[in-house]
Amino acid sequence: MKLLRNPEVRRGLLLWAAAAALLAAGAAWTAGPAAAGWVLAAACGLAALHLAETRRRYRQLARLAGELEEMLHGAEGSLERYREGELAILQNQLAKMVPRLREQAEALGRDKRFLADAMADLSHQLRTPLTSLELTAALLAREPLEEGRRRQLTGELRRLLQRVDWLVETMLKLSRLDAGTVTMAREPVDAAELVAQAAAPLAVPLDLRDITLTVEAAGGETFTGDMAWSVEALGNILKNCMEHTPPGGAIRVQVRQTPIFTEIAVADTGPGIAPEDLPRLFERFYRGRHAGDGSVGIGLALARQIVAMENGTIQAANGRGGGAVFTLRFYHGTV
């Protein structure tokens, strides 16, 4: 019998046999051979019933294992319900585990697809500047080359290298955030100082574009977060506004604090955000209708992820008088 191959069943039968032999010996000693025979017969009957019950339970376990195997391989359905205590507990735990395993498998599938799409987008974004680098280097290698032309090509090389460096560095930051290897500091951040540090690298580009940057802050506005990462987030917002503001335009930063949150609002005088772009503006590699030729579509995504990790939110909208408005709110409590 297949059931007897199970070592647990064999041990159980041996225990039944040992118990029956001891009871039969005791009955023979006290009541005679006839009593011993009845004891052995009763023990054999009980052993047969126990074996039948064990066989039924093992069939249920085998059926449960088969159902679980099918469901783990993608089959739809649900586990059979059992009334018995131990099997009911096991079935209940497995019923909780199977949906979670499916959710994890679906999440892994989504992550793989997202990674494949992200790598394809990154490859596409890198291919353009790398091709331009190759062509520019080939032009520099030509002889003779006028000094003015050589300086122009050298400046173009530097610009392309800076773009590739920024793209790779930003993708590494996003990867670190996704992997959960970044530990955000929890310390007081002065909002006015945050704006000053975020705007400092843009001082020269703003001057060259003749764009005025004004900051309105009463002073003393703070929130709990990480200064360095907050500068990265706000810097990407300011850079985006600068790229979409025409020469002679303006960018205004307003800082205010309430008992609930500290808010930093950045408004520009650009063309604004197309309505169809608003729902997807913070998606990675998404380039809106008014995106520039050098836009990659990861700066705003990085900003949103950083702000979210600092217990904050970021929203984009169009101002009443035109232009885009980005509102960052850092909450003082858990939201």
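The structure presented is a predicted model; accordingly, all values stated were derived computationally and were not measured.
Inter-residue side-chain proximity for Tyr331 and Thr313 is flagged as met; some heavy-atom pair is nearer than 4.5 Å. Glu310 is listed as a side-chain neighbour of Asp226, based on a closest heavy-atom distance under 4.5 Å. Looking only at side-chain heavy atoms (C-beta outward), Phe223 and Pro188 stay at 4.5 Å or farther from each other. Put simply, the side chain of Glu232 reaches to within 4.5 Å of the side chain of Leu302, judged on heavy atoms. Side-chain contact check for Val325 versus Thr327: some heavy-atom pair is nearer than 4.5 Å. Contact check for Asn236 versus Leu300: no side-chain heavy atoms found under the 4.5 Å cut-off. Between Ile251 and Met242 there is a side-chain heavy-atom pair separated by less than 4.5 Å. In this structure the side chain of Phe326 never reaches within 4.5 angstrom of the side chain of Ile264, judged on heavy atoms.
A donor-acceptor contact shorter than 3.5 Å is absent between the side chain of Thr222 and the backbone of Asp190.
Here the CG-CG distance, from Leu234 to Leu328, works out to 6.5 Å after rounding to the nearest 0.5 Å. Atom CG of Asn311 and atom OG1 of Thr224 lie 9.0 Å apart (nearest 0.5 Å). With values rounded to the nearest 0.5 angstrom, Arg252 atom CZ is found 11.0 Å from Asp268 atom CG. Interatomic distance, CD of Glu243 versus CG of Leu238, reported as 11.0 Å (0.5 Å rounding). Interatomic distance, Glu221 CD to Gln254 CD, rounded to the nearest 0.5 Å: 11.5 Å. The distance from the CD atom of Gln305 to the CD1 atom of Ile314 is 12.0 Å, given to the nearest 0.5 Å.
Geometrically, Arg329 engages Phe261 in a cation-pi contact, judged by NZ or CZ lying under 6.0 Å from the ring centre and within 45° of the ring axis.
Residues Leu135 and Val164 are members of separate hydrophobic clusters, defined by side-chain heavy-atom contacts under 4.5 angstrom among Ile, Leu, Val, Met, Phe, Trp and Tyr.
In terms of heavy-atom proximity, Ile237 sits nearest to Ala303 at CD1-CB, 4.1 Å. Closest non-hydrogen pair, Leu213 versus Ala199, comes out as CD2-CB, 3.5 Å. In plain terms, the two heavy atoms of Leu281 and Ala316 that are nearest each other are CD2-CB, 3.5 Å. Annotation for Thr269 and Gly249: closest pair OG1-CA, 3.4 Å, computed over non-hydrogen atoms. Taking each heavy atom of Pro201 and Pro205 in turn, the nearest pair found is O-CD, 3.8 Å. Closest approach of Ala198 to Gly235, counting heavy atoms only: CB-N, 3.8 Å.
Under the 3.5 Å distance criterion, with hydrogens and angles disregarded, a donor-acceptor pair is assigned to the side chains of Glu193 and Gln197.
For Glu216, the CD atom counts as densely surrounded, since its 6.0 Å shell holds more than 12 non-hydrogen atoms of other residues, nucleotides or ligands. Shown here is Arg209, whose CZ atom has more than 12 heavy atoms of other residues, nucleotides or ligands within 6.0 Å.
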